[in-house]
Number of protein chains: 2
Amino acid sequence: MARKSLTKPRKMASQKRSRATVDALVEATARILVKEGFDKASTNRIAEAAGVSVGSLYQYFPTKESLVAAVIERHQQEIMQTVRGELTGILAQPVEQAIRMLVTVAIKAHRVDPKLHRVVAEQIPRVGELEKLATFNRENYTLFMAYLAQHRDELRVEDLELASFVCVTTIEALTHNAVLHHSKMMSDEKMRALVDEASRLIIGYLKG
Amino acid sequence: MARKSLTKPRKMASQKRSRATVDALVEATARILVKEGFDKASTNRIAEAAGVSVGSLYQYFPTKESLVAAVIERHQQEIMQTVRGELTGILAQPVEQAIRMLVTVAIKAHRVDPKLHRVVAEQIPRVGELEKLATFNRENYTLFMAYLAQHRDELRVEDLELASFVCVTTIEALTHNAVLHHSKMMSDEKMRALVDEASRLIIGYLKG
DNA sequence: ATGAAAAGCGAATCATCGCTCATATTCTGT
DNA sequence: ACAGAATATGAGCGATGATTCGCTTTTCAT
């Protein structure tokens, strides 16, 4: 199957060597992004760091943008894996416990490679393909709304959608800022205090 | 005062023609950023849109970065002008009123050129000089903490700094997301509902 | 073992863009 | 009216960096 001018999307890796190459590229991109910053992350430099040639890079990623997108996607997958692992347990909990655990897991999620998270949030311009990347995942939003629906009678909320928006946005912002911009102030005591405060904030809101 | 090889920082504009040029450049940059996006905003294109030559651009802005910084600074000034105007009145209000007015003014602030606000928040990489640009102004944070201190006896907060962090971060995130990502859902009724919810959230938190 | 497909290579191409500089025009004080 | 300072011009330099392509090496199925 010869590919003549397949300029748009490159083909999948099928042999295991090539899968290793793809992994190395994504890994190297993440490393360069963190250590050198977005504007130093040229495709040639990335290929070199990955120990492969630029040509190989373009075998699997049609554009630099798509490579960066792959890094972001992988990072989001890792975060969602962390979250999903705890989520089933959380959803069975009563409101007070659930919210507190949710805040805790949100902090945990932001501590999965926080350096990369910061680069993604602050240095990578959302242009072109990256434009549609949601800052916080829609999945969280939907799941949270489902939980609210289940506990509706215990709660003082009329508009579930609005309440979900408020809660998810708030938890995301608080944990994001705490972990990524105040990590020194937030070592141990303070972080527990933050969990307390954030939980009180949300629970107070939900239970009136 | 001849300038021989003043490569680093360019001189100030003193005559009114040059001040007009500077204004046109900043204005054109903002326009291009909004209409074409960050990656299309080359210095040549900006100069053309401003109706001046690239050379003139570099008379006043040593780097492209500094020009973008000027745009951001101007935008932040405009926002802070809006906020400061209402702020003195707000600080005299009792807590319930004050918070509600604060949320309202935060929305208003985000409605000052929201398109530009979005480009600044999402498309411009915080690299180099732009790195130190705070997402939300430190000024808000300080002022809010002062207000909390004044009303400390009415409130159920021990750590003023933490409480300020929580409130300012939350209000900023809610209004930012509402205005910039849900503007259609947020036309008239919904927006009033959001003010209600956000106010209830914060007031409940502060007053226990 | 062998031929074809898959994977890898990297020098070279090509376009973009930030920025400079030699020159031209306009302003301002006298 | 004139000189010098301030301002404006824009072709082009130089660097960077994304992407390509002709070729080699490795893998796999038979």
Side-chain angles (χ1 to χ4, degrees), chain A residues 1-25 28-29 32-33 36-70 124-125 127-130, chain B residues 1-25 28-29 32-33 36-70 124-125 127-130:
Chain A
M1 192 180 291
R3 70 180 91 89
K4 300 172 72 169
S5 64
L6 185 47
T7 322
K8 283 64 83 60
R10 292 298 144 85
K11 274 298 156 197
M12 273 320 276
S14 51
Q15 303 181 358
K16 78 177 162 192
R17 179 170 57 136
S18 60
R19 248 170 284 130
T21 298
V22 170
D23 279 358
L25 282 166
T29 305
I32 299 262
L33 283 174
E36 318 259 358
F38 177 76
D39 55 350
K40 297 283 170 50
S42 69
T43 50
N44 282 286
R45 196 191 259 269
I46 289 170
E48 183 191 350
V52 304
S53 74
V54 240
S56 294
L57 189 159
Y58 281 94
Q59 293 262 329
Y60 305 105
F61 300 96
T63 63
K64 178 187 174 181
E65 200 176 12
S66 70
L67 177 55
V68 172
I124 297 178
V127 178
E129 305 259 294
L130 290 327
Chain B
M1 194 179 294
R3 71 178 92 88
K4 299 174 73 170
S5 63
L6 187 49
T7 322
K8 285 65 80 64
R10 293 299 144 84
K11 274 298 158 194
M12 274 317 279
S14 52
Q15 302 181 359
K16 77 177 164 192
R17 179 172 54 138
S18 59
R19 247 168 285 132
T21 298
V22 169
D23 279 358
L25 282 167
T29 305
I32 300 261
L33 283 175
E36 317 256 0
F38 177 76
D39 55 351
K40 296 284 170 49
S42 70
T43 50
N44 282 289
R45 197 190 258 271
I46 288 170
E48 183 190 350
V52 306
S53 72
V54 238
S56 293
L57 188 159
Y58 282 95
Q59 293 263 331
Y60 304 106
F61 299 96
T63 63
K64 179 188 173 180
E65 201 175 13
S66 70
L67 177 55
V68 172
I124 297 179
V127 178
E129 305 258 293
L130 289 329

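Quick note on labels: first sequence line is chain A, next is B, and so on, each numbered from 1.
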Novice: Indicate, with a heavy-atom threshold strictly under 4.0 Å, whether A/F61 touches base, sugar-phosphate, or nothing.
Specialist: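 No contact.
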Novice: Nearest whole angstrom, please: distance from the C1' of C/dA7 to the CE of A/M12.
Specialist: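 Distance, rounded to whole Å: 14 Å.
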Novice: What's the OH-C1' distance between B/Y60 and D/dA8, to the nearest Å?
Specialist: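 One finds 8 Å between C1' of D/dA8 and OH of B/Y60, rounded.
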Novice: Which angle, to the nearest 10 degrees, lies between the helix axes at the two ends of the helix from C/dA1-D/dT30 to C/dT30-D/dA1, each defined by five pairs?
Specialist: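 Taking five pairs per end, the axes differ by 20°.
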Novice: Can you check side chain to side chain contact (heavy atoms under 4.5 Å, CB included) on A/Y60 and A/L67, steps first, answer last?
Specialist: CA-CA 9 Å; A/Y60 305 105; A/L67 177 55; over 6 Å; no
Novice: Looking at every strand, decide which applies to A/T43 at a 4.0 Å heavy-atom threshold: base, sugar-phosphate, or nothing.
Specialist: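 The residue A/T43 makes base contact.
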Novice: Going by side-chain hydrogen bond (donor to acceptor under 3.5 Å, both in side chains), name the residues that satisfy it together with B/R45, two or more places apart in sequence or in a different chain.
Specialist: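 side-chain hydrogen bond (donor to acceptor under 3.5 Å, both in side chains) check on B/R45 returns B/E36.
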Novice: Whole angstrom is fine here: how far is it from CD in B/Q59 over to C1' in C/dC19?
Specialist: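 My rounded result for the distance is 13 Å.
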Novice: Short question: side chain of A/E129, backbone of A/A69 - any donor-acceptor pair under 3.5 Å?
Specialist: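 No; zero donor-acceptor contacts below 3.5 Å.
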Novice: Could you tell me how far apart B/F38 (CZ) and C/dC17 (P) are, to the nearest whole angstrom?
Specialist: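 It works out to 11 Å between those atoms.
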Novice: Check whether any side-chain N or O of A/S56 sits under 3.5 Å from a backbone N or O of A/V52 as a donor-acceptor pair, and report yes or no.
Specialist: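 No.
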Novice: Just how far, in rounded Å, is C1' of C/dC17 from CD of B/E36?
Specialist: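 Atom-to-atom, B/E36 to C/dC17, this comes out as 16 Å.
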Novice: Using a cut-off of strictly less than 4.0 Å, decide whether B/T21 has a side-chain nitrogen or oxygen near OP1 or OP2 of D/dA8.
Specialist: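 Checking D/dA8 against B/T21, a side-chain N or O does come within under 4.0 Å of OP1 or OP2.
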Novice: Other residues, nucleotides and ligands only: do more than 12 of their heavy atoms fall within 6.0 Å of CD on B/E48?
Specialist: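 No, CD of B/E48 has 12 or fewer neighbouring heavy atoms, counting only those of other groups under 6.0 Å.
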Novice: Using heavy atoms and a sub-4.0 Å distance, could you list which residues of residues 45-58 of chain A are near DNA chain D? By number, please.
Specialist: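 Contacting residues: A/V54, A/Y58.
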Novice: Strictly under 4.0 angstrom, non-hydrogen atoms only: write out the protein contact profile of nucleotides 24-30 of chain C, one letter per nucleotide from the 5' end, B, S or -.
Specialist: --SSS--
Novice: List in chain and number order the residues that pass side-chain contact (heavy atoms from CB on, under 4.5 Å) with B/T43, two or more places apart in sequence or in another chain; answer none if no residue qualifies.
Specialist: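 In terms of side-chain contact (heavy atoms from CB on, under 4.5 Å), with neighbours along the sequence ignored, B/T43 is linked to B/V54, B/L57, B/Y58, B/K64.
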Novice: Could you report the tightest heavy-atom contact between B/A47 and B/L25, atom names first, then the distance?
Specialist: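 Nearest heavy atoms, B/A47 then B/L25: CA-CD2, 4.3 Å.
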Novice: Who passes side-chain contact (heavy atoms from CB on, under 4.5 Å) against B/D23, sequence neighbours left out?
Specialist: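 B/D23 satisfies side-chain contact (heavy atoms from CB on, under 4.5 Å) with no other residue.
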Novice: Under 4.0 Å from OP1 or OP2 of C/dA7: is there any side-chain N or O of A/S18 that close?
Specialist: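 True: A/S18 side-chain N/O within range (under 4.0 Å) of C/dA7 OP1/OP2.
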Novice: Between OG1 of A/T21 and CD of A/Q59, what distance do you get to the nearest 0.5 Å?
Specialist: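 Nearest 0.5 Å value for the OG1-CD distance: 9.5 Å.
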Novice: Roughly how far apart are B/K40 NZ and B/S42 OG, rounded to 0.5 Å?
Specialist: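 Those atoms lie 10.5 Å apart.
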Novice: Would you compute the distance between atom CD1 of B/I32 and atom CZ of B/F38 and round it to the nearest 0.5 angstrom?
Specialist: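 With rounding to 0.5 Å, CD1 (B/I32) is 13.0 Å from CZ (B/F38).
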Novice: Measure the distance from NZ on A/K64 to P on D/dT19 and round it to the nearest whole Å.
Specialist: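 For the pair A/K64 NZ and D/dT19 P, the rounded distance is 9 Å.
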Novice: Distance check needed: D/dG12 C1' versus B/N44 CG, whole Å only.
Specialist: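 After rounding, the reported distance stands at 11 Å.
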Novice: Quick one: CD1 on A/I124 to CG on A/D39, what's the gap to the nearest 0.5 Å?
Specialist: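 Atom-to-atom, A/I124:CD1 and A/D39:CG are 11.0 Å apart.
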Novice: CZ of A/R19 versus C1' of C/dG8: gap in Å, rounded?
Specialist: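 About 16 Å, once rounded to whole Å.
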